[in-house]
Amino acid sequence: MYNFSKIENKWRKYWADHDTFHTDVWDFSKPKFYVLDMFPYPSGVGLHAGHVEGYTATDIVSRMKRMQGYNVLHPMGYDSFGLPAEQYAVSTGNHPNGFTQKNIETFTNQLKSIGFDYDWSKTLQTSDPKFYKWTQWIFKQLYLDGYAKYVDMPVNWCEELGTVLSNDEVIDGKSERGGYPVVRRNMKQWVIDQAAFAEKLLAGLEEIDWPESTKEMQRNWIGKSVGAHVVFKVSGTDHEFTVFTTRPDTLFGATYCVMSPEHALVNEITTPEKKAEVEAYQKICATKSDLERTELNKEKTGVFIGAYAINPVNQQEIPIYISDYVLATYGTGAIMAVPAHDDRDYEFAKKFDIPIVQVLEEVTGIPHENEKRKNSIVAIVYDKKQDKYLTIQWGQNGGRLFVGGTRQTGESAVDCAIREIGEETGYTDIELVCEDFKINHHYYAYNKDVYFNIEATPLLFELKSDEKKEQQLDEDEKFAVEWVSRECIESEIKDELHAKAFSYVMNPNAMVGDGIHIHSEFLDGMNKEEAIHAMISWLEEHHYGNKQVNYRMREWIFARQRYWGEPVPVVYLEDGKIHVLDDDELPLVLPELEDYRGHGGKAPLENAKEWKNYSHNGMVGVRETSTMPGSAGSSWYFLRYIDPSNDNEFANYELLKHWMPVDLYIGGPEHAVGHLMYSRIWNHYLYDKGLSPVKEPFQKLVHQGMILGANGIKMGKRYPEYAIDPLDIVRDYGADTLRLYEMFMGPLEASKPWSQQGVEGAQKFLDRIYRLYESGKVQDGENKNLEKIYHQTVKKVTEDFETLNFNTAISQMMIFVNAVYKEDIFPKEYAEGFIKLLNPVAPHIAEEIWEMLGHTGTMAFEEWPTYDESKIVEDTREIAVQVNGKVRATIMISVDEDENMIKEKAMNAENVLRHIEGKEIVKVIVIKGKIVNIVVK
RNA sequence: GCCUGAGUGGCGGAAUUGGUAGACGCACAGGACUUAAAAUCCUGCGAGAAUCAACCCUCGUGCCGGUUCAAGUCCGGCCUUAGGCACCA
């Protein structure tokens with residue numbers, strides 16, 4: 001009888017008593033394997049089902065690798081600084097550490113009850129002064145090397161939380177925690193210049209085995225864009241300003257400039273008569289929170305400041321506006337606006353009625369030698385009353401088209417369109433709705449035997465009345481004038497130019513794609529890429545600008561007005577200088593407080609009057625009272641696990657060199673840009689300094705999916721009634737069942753709903769295994785019937801564990817057990833091999849069965865089973881025979897069977913004969929070992 | 001709007017990367033064991049037409065189209081959904 005609780009208690013005790021999973025990090029005799037879980041914040045709620053999923057995955061790999069002869073490092077610790085403990089301290093007046101330690105104890109006991117093979121002698125807590133001494137020390141190095149800076153800058157300020165937040169802690173203008181409004185405010189801040197690492201971070205992504213989606217998110221977060229700086233002079237003044245653009249090729253199309261309302265030059269160049277208006281607008285923007293700014297996204301706002309800029313390429317004077325669609329914090333805080341080729345500028349120009357100048361034409365059709373050039377139009381007429389469009393049906397001579405025609409010398413596109421509509425259809429009472437961007441089209445005219453390259457203007461008219469005049473048609477023009485629906489146009493108008501013209505006028509917006517340049521002097525005829533290079537050269541040559549790279553990534557604000565975090569080890573001296581603490585002053589320990597609240601937006605540490613005042617070696621000053629953000633400790637903890645009790649350095653370099661990088665890192669996708677970016681930054685920094693041996697800390701990263709409630713809804717705060725407490729499952733079904741079930745639910749990375757019946761199924765499987773080993777079928781000897789499936793199982797399970805496809809590995813184990821149930825003899829060799837395969841998933845029952853098989857002690861270091869490929873290869877095989885792609889029969893073939901023999905067999909299979917009878921055999925396709933397909937007519 | 005994934009029976013999910021769709025599990029149904037139930041073991045289980053029954057036939061991987069001897073898998077266009085980004089010039 002499978003008594004899970006007895007077995008599990010027994011083996012948990014055994015592992016603890018024998019220090020089974022202690023890792024000797026100095027043992028370099030075996031290959032190393034460092035497998036890591038993202039360490040949890042020890043919340044009062046304790047372990048949830050999602051933790052168990054990720055931790056079981058690493059546990060399986062860890063246990064398998066150990067059996068495969070690796071020296072495995074699989075540690076666990078706690079990210080123990082954080083808001084809940086602080087809130088507890090605020091409301092009770094007790095030190096947050098007590099609360100934290102209690103939660104950590106609960107967490108540790110829960111983790112142990114699930115049987116994870118962590119080496120608890122290497123655990124760590126980020127809130128432990130022994131640990132944060134080194135967090136402070138690394139910060140100090142960042143400061144000394146100029147990466148950590150104290151600067152005045154706009155920050156995300158949350159009044160309710162009384163602290164500054166980083167960009168990733170702000171969601172839609174609200175705080176990530178609590179959802180309180182966040183406003184922008186200027187403050188002196190400690191920041192880390194992460195953009196300095198941007199290129200290294202981008203390059204590093206190429207070398208690591210991470211989910212592509214996570215890499216992509218990081219790339220977007222870094223937000224590299226290559227472009228140019230362009231200098232504009234302000235007309236009639238000595239002032240000039242620089243803009244950043246990724247599209248210097250469109251400079252000839254710049255029809256205005258925009259500065260952010262905060263731009264330093266605005267107040268100097270605004271004309272006196274515009275002053276009041278400009279200041280009013282600036283005021284509105286300054287008081288807007290981020291939330292309001294995003295809400296106001298839909299409608300562009302702005303003010304003309306009265307000044308003009310001079311476009312360096314053509315000396316044209318263009319107006320300067322201010323608008324909050326230009327951000328002060330990105331680029332230079334000023335832009336050149338090219339409404340024809342930028343969506344935002346287009347929108348703004350439409351609203352403020354600013355000229356739109358096209359300098360790039362989309363190209364359609366295929367170019368040819370000796371083309372004749374001409375200008376033409378595509379005129380679309382819309383009749384609102386019947387919701388139909390005017391088309392011309394040319395039948396064989398071109399299908400359905402809109403009205404088209406060639407512009408005569410001196411004739412405008414609109415005039416040409418009106419003329420052509422009148423001549424071809426007779427309609428005269430029409431009104432122009434829009435004239436869209438020109439298209440550069442190549443085509444061949446069959447009737448004239450000429451290749452054309454035309455510049456075609458799409459126009460949209462609305463029909464006002466049915467008023468008509470006589471059509472004026474040439475002899476050869478035979479067509480029908482038809483009003484058709486939009487659907488009809490979309491399916492019947494095949495001509496590339498006309499279809500494109502229709503989509504242009506139906507959805508008028510900026511032309512942002514590639515094409516060829518026009519009205520751009522030395523750029524004319526070039527495509528986007530060529531023109532960008534040409535323009536940058538021109539700018540550099542004429543000293544009007546240069547190539548420039550910008551990053552969206554901002555400075556990482558590295559201070560919070562909170563108590564429960566690492567104190568920033570810095571003192572402001574009386575002479576105004578900044579003193580970073582000497583090494584022997586570290587750790588700078590958090591003082592006990594009477595009151596853990598911050599008052600009036602000030603940090604709680606302001607309450608520590610004595611602690612705050614600094615006097616040392618003749619220096620007098622006050623300490624920084626803000627603390628580091630939550631992500632500080634987690635940005636390097638993976639290095640500390642390797643040498644967690646070292647008091648002389650954060651970790652011994654020789655050990656780091658042996659153990660880094662982390663071979664497998666598993667954790668939730670919510671850390672894709674936060675923790676995983678910060679860790680890479682710190683590690684890159686330490687690498688540059690020669691303190692970390694590898695550039696990239698996490699060689700392979702996998703995100704576990706979310707475990708949903710049984711109804712498919714996210715568990716957690718909103719629906720506590722659907723929450724599953726994994727400890728209940730351990731109590732009622734056992735830890736092995738919990739582990740097995742969570743691994744069998746589906747792919748590790750997918751979100752999956754919980755199923756109580758599924759848990760019972762998992763337990764049934766373990767029970768079935770247990771009974772099998774009790775049954776007496778396990779005997780010395782052989783059973784040929786099981787040979788193939790045993791070797792298949794070893795192969796499949798080994799490979800699937802390696803690639804983290806646990807669900808299919810377990811499925812294979814079930815298939816194997818089902819097969820053994822049909823046999824009378826279960827050879828001991830297979831019985832032992834199989835239990836080794838089971839061990840990583842369900843270690844307690846595996847250890848117990850291992851003992852039942854006559855062994856003493858743990859199986860944790862037993863050798864992982866091997867398989868013999870030759871035993872897996874089948875000598876005969878069933879393959880399908882298809883007739884015209886449909887399976888009609890299966891035949892047995894031997895591996896080395898001759899192709900003609902296979903054909904012969906296939907053609908004579910009973911059901912195949914029925915399907916090919918009386919038909920002509922076109923061909924027979926034989927794919928060795930896979931399939932036969934007979935094609936008949 | 002943009003960038004990533006995903007969409008397969010009643011359900012969770014398989015499918016060697018283009019080669020017998022639905023492995024394995026759950027649920028359900030039938031049978032065996034039992035005085036009986038539970039547990040266990042065995043069998044069946046995508047939909048449909050037809051048949052005493054078996055073979056067999058048609059349809060079927062979100063939708064429409066394409067490539068191919070062959071498409072869940074590749075290509076084009078949509079729809080739905082999850083996550084991320086969102087005036088970044």
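Proteins get letters first, then strands, A, B, ... in listed order; numbering begins at 1 in each. Keep in mind that this is a model prediction, so the values were computed, not measured.
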| query | Closest nucleotide of RNA chain B for A:Y821 versus for A:T329: which of these residues is on the 5' side? | reply | A:Y821

| message | Judged by each residue's nearest nucleotide on RNA chain B, which is more toward the 5′ side, A:S811 or A:R877? | response | A:R877

At less than 4.0 Å, is any side-chain N or O atom of [X] found next to OP1 or OP2 of [N]? Yes or no.
X	N	answer
A:S225	B:rA89	yes
A:N911	B:rC57	yes
A:H341	B:rA89	no
A:R771	B:rC41	yes
A:K764	B:rC26	yes
A:N807	B:rA14	yes
A:Y325	B:rA89	no
A:N933	B:rU68	no
A:K752	B:rG12	no
A:R219	B:rC2	no

| message | Syn or anti for B:rG44, given that syn means the glycosidic angle lies within 90° of 0? | response | anti

| Torsion-based syn/anti label for B:rU35, 90° from 0 as limit | anti

Taking all heavy atoms of [X] and all of [Y], pick out the closest pair and write down the distance.
X	Y	answer
A:S751	A:L708	CB-CD1, 4.2 Å
A:P753	A:Y741	O-OH, 3.9 Å
A:P261	A:Y281	CG-CE2, 3.9 Å

| said: Looking at A:K752, I want to see if its NZ is surrounded by more than 12 non-hydrogen atoms of other residues, nucleotides or ligands under 6.0 Å. | reply: yes

[atom1] atom, [N] versus [M]: distance in rounded Å?
N	M	atom1	answer
B:rG25	B:rA14	C1'	11 Å
B:rU43	B:rA50	P	31 Å
B:rA53	B:rU67	P	43 Å
B:rG65	B:rU17	C1'	24 Å
B:rU73	B:rC3	P	22 Å
B:rG22	B:rU8	C1'	8 Å
B:rU40	B:rC33	C1'	9 Å
B:rU61	B:rC74	C1'	16 Å

| Can you list the steps and then say if A:F826 with A:Y773 is a ring pair (Phe, Tyr, Trp, His ring centres under 6.0 Å)? | CA-CA 9 Å; A:F826 185 16; A:Y773 282 86; 5.5 Å; yes

Nucleotide N/O of nucleotides 59-67 of chain B paired with protein N/O under 3.5 Å:
| residue | atom | partner | partner atom | Å |
| --- | --- | --- | --- | --- |
| B:rC59 | OP2 | A:K886 | NZ | 3.3 |

| Of the listed nucleotides B:rA89, B:rA23, B:rA14, the one nearest the side chain of A:I815 | B:rA23

Short side-chain donor-acceptor distance under 3.5 Å, [Y] and [X]:
X	Y	answer
A:T214	A:H703	yes
A:S775	A:Y821	no
A:Q194	A:R554	no

